[in-house]
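To start, the structure under review is shown below, and the notes come after it.
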Amino acid sequence: ENSLTPRGEIAMPMAENDIQPGKCYATGGSENYKVLHINRGIVSYQTWTKGAKMQPLRTNAGVKAFAAAVIKEIACPAEG
């Protein structure tokens with residue numbers, strides 16, 4: 001099931017093999033994710049809200065669920 005982004009675009013899930021460590025992804029909502037690593041189909045990532053700092057907590061999710069939650073690759077925020 002597709003949802004609409006705030007701009008009214010259809011939010012399509014990404015392909016699992018497009019999810020890469022070190023890359024950042026938009027969810028279509030207020031959160032963005034930075035992938036730290038992928039191990040045996042589990043994605044470890046950090047979350048940040050647009051305009052806020054990266055959260056230090058790491059979250060784990062299956063790559064299929066992660067890919068379904070994100071809509072596109074975006075530039076990662078500057079560290080520091």
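Below, all heavy atoms of this structure are taken into account, side chains as well, without hydrogens, waters or symmetry copies.
- Residue Met14 comes nearest to Asp18 through the heavy atom pair CE-CB, 3.9 Å, listed as atom of the first residue, atom of the second, then distance.
- The two residues Ile74 and Ala26 have their closest heavy-atom pair at CG2-CB, 3.8 Å.
- Here the closest non-hydrogen pair linking Ile19 and Ile38 is O-CD1, 3.5 Å.
- Of all non-hydrogen atoms in Ser44 and Asn60, the two that sit nearest each other are OG-OD1, 2.5 Å.
- Although no hydrogens or angles enter the test, the distance criterion places no donor-acceptor pair under 3.5 Å between the side chain of Glu31 and the main chain of Gly28.
- Classification of the Tyr25-Phe66 ring pair by plane angle, with boundaries at 30° and 60°, yields perpendicular.
- Counting all heavy atoms, side chain and backbone alike, Lys23 lies closest to Cys76 at C-SG, 3.8 Å.
- In this structure, Thr59 OG1 and Leu36 CG are separated by 9.0 Å, a value rounded to the nearest 0.5 Å.
- Remark: Asn32 CG to Met54 CE distance equals 8.5 Å, nearest 0.5 Å.
- Of all heavy-atom pairs between Lys34 and Gly22, the closest is CE-O, 4.3 Å.
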